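The structure appears below as structure tokens.
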Amino acid sequence: MRILLMGHPNVGKSAVFNRLTGARVTESNYPGTTVDYTKGRVRIEGDSFEIIDVPGAFSLEPKDKAEEVAVKMLEENKEAVAICVIDASKMERGLYLALQVIEKGYPVVIALNMWDVAQDKNIEIDVEELEDILTVPVVPVTAISGEGIRELALRIKEASLVKIEKIIEKAGN
Amino acid sequence: MLDLEQRWELIDKIAKRTIKFGKYRHTLKDAIAEITVKPLTGIPIAIAVLYGFWAFFVAFAGFFTDGFLVKLFDMHWLPWLQEVFPAGKESWLYYIFVGDPLADNCFEAFGMLTSGLFVVIGVVLPAIVAFYLVLIVLEDSGYLPRLAVLIDTVLHKIGLHGYAIVPSILSLGCNVPACTACRILETKKQRFIMRTILAIFIPCGAQLGIMLKVIPETVGWVILYLLAGYFILGFILSRIVPGESPELLLDIPSYQRPTFSNVGRKLWVRTSSFFTTAIPFVLLGVIIINVLHLTGVIDWLATGLGPLLSGWFGVPKETVGALIVAFLRKDLAVAQLSAIEMTKYQMVTSVVLVSIYFPCIATFVMLLKEGGVKGFLGSLAALVATVFLYGGLLHLIWILLGVA
Amino acid sequence: MKNKFASVYFSIFGLIVLSLGIAELIIGIAGRSFTWGILEISGEFSLWKGIILFFVGFFYLSSVKNLNEIHQLAKNVMASIMLWIIAGMQIFAMITESIPGGEEEGWINTWEGFLSAYSPPYIPALILLPFSLVTVYYVYAREK
Ligand SMILES: Nc1nc2c(ncn2[C@@H]2O[C@H](COP(=O)(O)OP(=O)(O)OP(=O)(O)O)[C@@H](O)[C@H]2O)c(=O)[nH]1
Ligand SMILES: [Mg+2]
């Protein structure tokens, strides 16, 4: 099984990647740090999986060369599981891409990264409710300190395909 | 598939049910974040930050290079090597590895084990460590994109959006990753312009370090001249290259305290990649240049190109050796210039020439890889024109000032 | 009350910084040097240090009205940070110069040489440094 890290620029994909794999991909506090993909391996409960750090993209309609790589990675790995990394302090924006990936028919796990920042800003997110609506695993993560990374890894196998109609239905009531 | 509106509608619904925004006061950090991007306050702040950058660089590099390494190389390493080197002083082996037997400092000896090692470890290593350290702090704190917003107004005039400054600043560390970073620009035109002007005009950390050592009083003017060229060429290219340069709405991240572990890790990764890529090239450069000297190729070239060099650019014909080395490593080339006798003004011109004339081979390969053959040839054409016109212009300036 | 004091303090301090900045700027352009007591204006980058000090003074002065307001305070804090950049780099340079021995000498500086690197005269930013720490106190007191 392959795992792809998808998300907006600067939400901490490379940080999550480094924590999961022990690699040394560059993490910087500006959008557009990663412009090419990097492969790594992660061990979860004795199994080893290939995981790919992908350049940030705002949507699946690429605007620049880095975003093209992201979209290409998604298209080349039809069987992959996607970890959608979302900046918890700007969750709505991140959900856009996550929904697009779900619609494309990929099993998804959502990592609500920058959980520490969201808490500092007094933003409360009802993770259980979110999980219930989206019917995919949602894990709060703080990648720089490593909090939540273990749970994220353990829950990757729970990722499953969801129909967008089901999400609409659940969100509706 | 949903369309854009439907998707946002769905997100709205989800957000309403899952997110609660608590009370949030505007903090001091937010207020500071605001004033660093407003031009009136932001530009003075940027001047202070860049001053700090430079002052740190000078003090840090000076501490290691002038404080310890020059002594180590000139007073211990060089005499020891001159004494124990097994081959005779007249042999070509001695010439290649140790260089001039009469030299009393590692700048002038120009052997692989003397000047080669001295340039890499004695001068360039401390400089790039200092440079990377500040650069990484700028990257991790979140100041870099703010600088981009500030410079946006200027860059707009040359058809690039402000974000283009990010690759430019990265290229102060090394031009190679900077070429790759240009991928975040949207159109082919923008990427082409950016790659070309940064490869030609932005000196890398290694080169800055050695310039600081060789021409400490005039390095400021050299940088100013290069920067002016960066904008002029950008302006011209944006007029003549077909294509669009659309706007980019830049997302500015909030300030963060850089973490020790991340700064340390990045510093280590970049410094070790310097070791593996730069050292072989510098050592190889010394060997090649010494072999060319021994075989008389340099003399032959110097005689052939002499009229051009002294007539058009106003620099001594001996600089031809440095220009050849510049193709491999700029830092080594500047070091070589320092051993040639010339006036201060000729020195400035030749350092400028070394900077703008062919990017180092690693950058060259990147230009080809990122731009394709067509883009590469375009960059090359811009480069040749720049060297002749902009390099010649400096000579003209000296003539007009009456110092050439 | 505290507010009033801070405003008066930073008005005066700002004026002093501003004038020293202008002085450094002019001396920098002229390429001269100048010493008065423990104050010294000379050396490389006087021009740039002068420009920055000028703006530091300017920021202080423009922050004094309604200093308690967060945006005004931000200007004040930023002015102090700019001052600390100049002074901090000066101190860093002193440290790096004090440790290695001189040319033709040993690896490490002599004790006298070491101390003399820290003796006056100092550049304006260094002399102004302690007085700018009031900003820290003010921010701290305000949070409480
Ligand atoms: N406070 C906080 N900062 C984080 C967290 N995760 C990452 N960061 C920081 O956010 C910045 C961006 O992280 P990256 O991992 O480079 O982001 P990215 O998603 O790979 O970005 P691109 O490569 O540009 O798409 C870095 O400065 C990280 O240190 C987190 O959980 N909390
Ligand atoms: Mg990344």
Side-chain angles (χ1 to χ4, degrees), chain B residues 25-72 74-76 104-105 126 130 133-134 137-138 141 143 146 212 216-220 224 255, chain C residues 21 31 43-59 62-63 69-109 123 125 135 138-140 142-143:
Chain B
R25 262 187 330 139
H26 213 60
T27 60
L28 189 59
K29 194 168 120 181
D30 299 325
I32 287 179
E34 275 167 32
I35 63 171
T36 43
V37 290
K38 278 189 197 145
L40 206 64
T41 40
I43 290 173
I45 294 169
I47 295 176
V49 170
L50 295 176
Y51 167 80
F53 192 160
W54 186 249
F56 176 81
F57 174 59
V58 172
F60 186 98
F63 177 69
F64 286 99
T65 301
D66 295 328
F68 298 102
L69 293 163
V70 169
K71 257 186 236 166
L72 178 70
D74 286 356
M75 285 158 63
H76 300 272
D104 61 357
N105 67 63
L133 203 57
V134 191
V137 170
L138 285 186
S141 60
Y143 188 70
R146 289 183 167 77
L212 191 67
E217 318 85 43
T218 39
V219 61
L224 214 60
Y255 279 123
Chain C
E44 334 164 54
F45 301 131
S46 278
L47 173 66
W48 293 104
K49 285 186 276 198
I51 291 176
I52 298 167
L53 268 196
F54 172 83
F55 281 113
V56 171
F58 188 74
F59 282 12
S62 72
S63 77
E69 203 271 323
I70 196 95
H71 294 91
Q72 291 294 84
L73 185 62
K75 258 189 271 180
N76 189 295
V77 172
M78 214 54 231
S80 295
I81 292 178
M82 288 159 72
L83 190 67
W84 299 337
I85 291 178
I86 309 180
M89 282 307 130
Q90 187 67 24
I91 294 173
F92 180 66
M94 281 175 165
I95 296 174
T96 56
E97 273 161 28
S98 69
I99 296 174
E103 276 173 50
E104 315 285 310
E105 282 172 38
W107 292 106
I108 301 291
N109 210 347
I123 61 162
T135 303
Y138 187 78
V139 170
Y140 188 72
R142 185 179 171 276
E143 300 259 300

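Quantities reported herein were computed from a predicted structural model and do not represent experimental measurements. Lettering follows sequence order; numbering is per chain, from 1.
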Practice task
Sequence neighbours left out, what passes ring-ring contact (aromatic ring centres under 6.0 Å, His included) with C/F54? Give chain and number order.
Solution key: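 So C/F54 forms no ring-ring contact (aromatic ring centres under 6.0 Å, His included) with any residue.
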Given a strict heavy-atom distance threshold of 4.5 Å, which part of [X] is in contact with chain B: side chain, backbone, both, or neither?
{"X": "C/V139", "result": "side chain"}
{"X": "C/F58", "result": "neither"}
{"X": "C/I70", "result": "both"}
{"X": "C/L83", "result": "neither"}
{"X": "C/W48", "result": "side chain"}

Handout entry: Segment of B/E34 engaging chain C (4.5 angstrom heavy-atom cut-off)
Key =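 Looking at B/E34, just its side chain touches chain C.
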Handout entry: chain C contact via B/F60 - which portion, at a heavy-atom distance below 4.5 Å
Key =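 Interface part for B/F60: both.
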Problem - Under 3.5 Å donor-acceptor, B/K29 side chain and B/Y255 backbone - result: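 Yes.
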Problem - Test item: B/K71 side-chain N/O and C/G101 main-chain N/O as donor-acceptor pair under 3.5 Å - result: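 Present.
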Problem - Distance in Å, B/T41 OG1 paired with C/M78 CE, rounded so as to fall on 0.5 Å steps - result: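 Between B/T41 OG1 and C/M78 CE, I get 9.0 Å after rounding to 0.5 Å.
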Problem - Residue selection (most heavy-atom pairs with chain C, distance under 4.5 Å) from B/D30, B/L28, B/T27, B/I32 - result: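 Max contact count across the listed options: B/L28.
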Handout entry: Among the listed options B/G62, B/A33, B/G52, the residue most often paired with chain C at heavy-atom distances under 4.5 Å
Key =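 Max contact count across the listed options: B/G52.
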Exercise for the section: Identify which of C/F59, C/F92, C/W107 forms the greatest number of heavy-atom pairs closer than 4.5 Å to chain B. Expected result: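 The answer is C/W107.
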Exercise for the section: Please list, chain by chain and in numerical order, all residues satisfying side-chain hydrogen bond (donor to acceptor under 3.5 Å, both in side chains) with C/S63, sequence neighbours excluded. Expected result: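 Partners of C/S63 under the side-chain hydrogen bond (donor to acceptor under 3.5 Å, both in side chains) test: C/N76.
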Exercise for the section: Answer whether the closest heavy-atom distance between the side chains of B/I35 and C/H71 falls below 4.5 Å. Expected result: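 No, their side chains stay 4.5 Å or more apart.
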Problem - Heavy-atom side-chain proximity of B/F57 to B/V134 below 4.5 angstrom - result: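 With C-beta onward as the side chain, the pair stays apart.
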